[in-house]
Amino acid sequence: MTSQDHDDWSTAGFSTRAIHVGQHPDPLTGAVIPPIHMSTTFKQDGVGGLRSGFEYSRSGNPTREVFETALAGLEAPGDREAFGFAFGSGLAASDCILRSLLSPGDHVVIPNDTYGGTYRIFDSVAAKWGLDYSVANTQDPASVLRAVVSGRTKLVWLETPTNPMLSIADISAISDIAHQAGAVVVVDNTFATPYLQQPLSLGADLVVHSVTKYLGGHSDVVGGAIVTRDAGLAEQIRFHQNAMGSVPSPFDCWLALRGVRTLGIRMDRHCSNARRIVDLLLEQSDVLQVFYPGLAGHPGHEIAARQMSDFGGMVSFRIAGGEEAARRLCAATSVFTLGESLGGVESLIELPAAMTHLSVAGSELEVPADLVRLSVGIEDVADLEKDLLGAIEGSRLGS
Ligand SMILES: *Cc1c(COP(=O)(O)O)cnc(C)c1O
């Protein structure tokens with residue numbers, strides 16, 4: 001990316017930046033939308049004579065660079081030293097952080113309800129390479145402090161809000177603890193997106209995303225990303241992005257960028273629809289507990305209100321009647337589609353214990369069997385309310 005991009009748009013609002021940072025009309029044709037450069041290689045004017053820095057599309061591609069620049073401009077507005085990196089999936093991005101920054105014998109602290117796939121990397125993949133991890137209750141900075149092993153802990157992994165329990169970590173308090181121990185802080189910002197929360201401005205060193213979710217926003221592209229303002233970390237990530245090669249295709253970057261342009265207005269609608277769905281759930285006698293950081297009774301509410309501009313579109317709840325009732329409910333909706341993933345324009349419903357979080361069954365991260373997770377989409381909220389209410393009533397035994 002060029003510092004020019006950030007200088008031009010540093011004082012602009014979020015949606016203006018989402019639409020303009022890194023995205024210039026094509027100088028040759030005037031095309032307003034950056035083209036999809038499918039070329040794998042770039043003509044050199046004499047050996048090493050690169051026309052605009054590109055030589056081979058694993059190392060760098062113009063379409064990917066536009067996306068990476070745009071994303072950096074959202075996570076770190078106006079900062080010349082912001083670096084974005086795109087990957088073939090969120091987990092590929094997470095893997096790149098691990099392999100770039102850690103060595104055998106290092107210790108990592110992870111949240112006690114992190115995304116199941118993140119846990120699986122630490123438990124089943126990284127452990128074989130000699131990485132050690134401890135699980136902390138990241139809702140409580142003191143728990144992180146206890147889990148940190150001085151001199152050995154190199155990374156503190158945060159996810160806030162978490163998937164699927166929507167718990168909140170205090171990014172600045174935990175960053176202070178981690179930095180005092182000499183550890184780097186990573187925040188998985190998938191649920192909040194840079195529209196609602198910018199962890200780098202709260203003290204985190206790296207942000208990781210599943211682009212597959214809200215950033216892409218249309219459930220049609222799998223992708224991941226890392227953003228940092230630390231030039232040293234960026235150098236290590238850049239080296240490994242190329243050396244390990246889990247990069248997205250130019251077409252995937254183009255799709256993701258198309259999603260990013262509407263992130264602001266989509267998130268506003270996700271947030272307002274989710275609030276309405278939470279109100280509806282709270283009125284139902286069959287709903288035992290609602291997990292949503294916007295509720296005053298949520299243990300992380302005050303921190304969420306401080307570090308997020310709104311509470312997002314994800315809602316989880318426990319339903320009376322146990323796992324069987326939860327299974328019936330998930331199968332009974334028609335506007336909410338039963339399926340994994342989240343963050344798309346369409347509403348989704350799922351049973352984490354049997355679907356997205358099966359990989360944490362039997363571990364410290366196990367989720368309640370009667371927990372239902374909603375990704376509240378941007379449809380007309382009255383249709384969502386009607387659908388969910390009908391499914392809750394229909395899922396009662398004997399009805
Ligand atoms: C989906 C998800 C991931 C993994 O991303 P993929 O794109 O599926 O590899 C990581 N973190 C969170 C919070 C997620 O929801």
Side-chain angles (χ1 to χ4, degrees), residues 67 71 75 85-99 108 110-126 138 155 157-169 171 186-197 199 204 206-227 241 244 246-249 252-253 255-256 259-260 267 270 274 291 293 300 304 308 311-316 339-344 348-353 355-360 365 367 371 373-377:
F67 173 55
L71 197 55
E75 285 287 358
F85 301 94
F87 292 85
S89 70
L91 289 181
S94 300
D95 175 48
C96 185
I97 292 175
L98 261 57
R99 288 203 268 174
V108 175
I110 63 171
N112 64 355
D113 63 344
T114 189
Y115 173 69
T118 305
Y119 172 75
R120 186 173 52 203
I121 290 192
F122 285 104
D123 189 62
S124 307
V125 182
T138 49
L155 200 71
W157 193 278
L158 295 179
E159 188 181 311
T160 183
T162 57
N163 182 359
M165 302 303 289
L166 285 313
S167 67
I168 300 293
I171 297 172
V186 179
V187 175
D188 183 332
N189 204 25
T190 298
F191 270 37
T193 83
Y195 184 64
L196 302 180
Q197 170 175 281
L206 295 154
V207 165
V208 65
H209 276 286
S210 172
V211 170
T212 318
K213 314 297 170 52
Y214 288 105
L215 293 176
H218 297 73
S219 304
D220 55 10
V221 57
V222 171
I226 300 170
V227 181
Q241 182 194 39
M244 302 191 301
S246 51
V247 293
S249 78
D252 287 354
C253 294
L255 277 176
V260 162
M267 290 312 291
H270 283 296
F291 301 90
M308 300 172 76
F311 303 105
M314 298 299 298
V315 180
S316 296
E340 301 200 356
S341 201
L342 59 105
L348 296 172
I349 187 167
E350 68 122 358
L351 193 65
M355 295 171 63
T356 48
H357 289 67
L358 197 56
S359 66
V360 298
L365 286 80
V367 297
L371 187 81
R373 188 189 77 181
L374 303 176
S375 172
V376 181

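Atom set for the values below is all heavy atoms of this structure, side chains included, hydrogens, waters and symmetry mates excluded. As the structure lists them, so they are numbered: ligands from 1, and atoms in each ligand from 1.
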Exercise for the section: Report the part of Asp188 in contact with ligand 1, treating N, CA, C, O as backbone and CB onward as side chain, heavy atoms under 4.0 Å; options are side chain, backbone, both, neither. Expected result: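 Side chain only.
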Measure the distance from [atom] to every protein heavy atom, then report the residue, atom name and distance (to 0.1 Å) of the closest one.
atom	answer
atom 9 (O) of ligand 1	Leu91 N, 2.9 Å
atom 1 (C) of ligand 1	Lys213 NZ, 1.4 Å
atom 3 (C) of ligand 1	Tyr115 CE2, 3.4 Å

Practice task
Give a yes-or-no answer on whether the side chains of Thr356 and Glu350 include a donor-acceptor pair shorter than 3.5 Å.
Solution key: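 Distance-only check passes for Thr356 and Glu350.
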Problem - Candidate with minimal heavy-atom separation from atom 8 (O) of ligand 1, of Gly88, Gly343, Ser210, Ser341 - result: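 That would be Ser210.
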Handout entry: Of Thr114, Val207, Val208, the residue whose pairing with Asp188 passes side chain to side chain contact (heavy atoms under 4.5 Å, CB included)
Key =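 With Asp188 as partner, side chain to side chain contact (heavy atoms under 4.5 Å, CB included) holds for just one option, Val208.
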Starting at [atom1] of [X], measure out to [atom2] of [Y] and round the result to the nearest 0.5 Å.
X	Y	atom1	atom2	result
Ile121	Asp95	CD1	CG	5.5 Å
His357	Asn163	NE2	CG	4.0 Å
Ser219	Lys213	OG	NZ	10.0 Å

Practice task
Pull out every atom of ligand 1 sitting under 4.0 Å from any heavy atom of Ser89, numbered as shown with elements.
Solution key: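 What qualifies from ligand 1 is 7 (O), 9 (O).
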Practice task
May I ask you to list the atoms of ligand 1 that are less than 4.0 angstrom from any heavy atom of Glu159?
Solution key: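 The list of qualifying atoms is 13 (C).
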Practice task
Return yes when Gly223 approaches ligand 1 closer than 4.0 angstrom through a heavy atom, no otherwise.
Solution key: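 True for this residue.
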Practice task
Side-chain contact test, heavy atoms from C-beta onward, threshold under 4.5 Å: evaluate it for Tyr214 versus Leu342 and give yes or no.
Solution key: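 Touching, per the 4.5 Å side-chain cut-off.
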Exercise for the section: Give yes or no for whether the N/O distance cutoff of 3.5 Å, strictly under, is met between Gly90 and ligand 1. Expected result: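 Looking only at distances, the answer is yes, because the N/O contact criterion of under 3.5 Å is met.
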Practice task
Return a yes/no value for Thr118: is any of its N or O atoms, backbone included, closer than 3.5 angstrom to an N or O of ligand 1?
Solution key: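 Checking ligand 1 against Thr118, no N or O pair falls under 3.5 Å apart.
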Exercise for the section: Apply side chain to side chain contact (heavy atoms under 4.5 Å, CB included) to Glu75 and His209, showing your working. Expected result: CA-CA 11 Å; Glu75 285 287 358; His209 276 286; 2.6 Å; yes
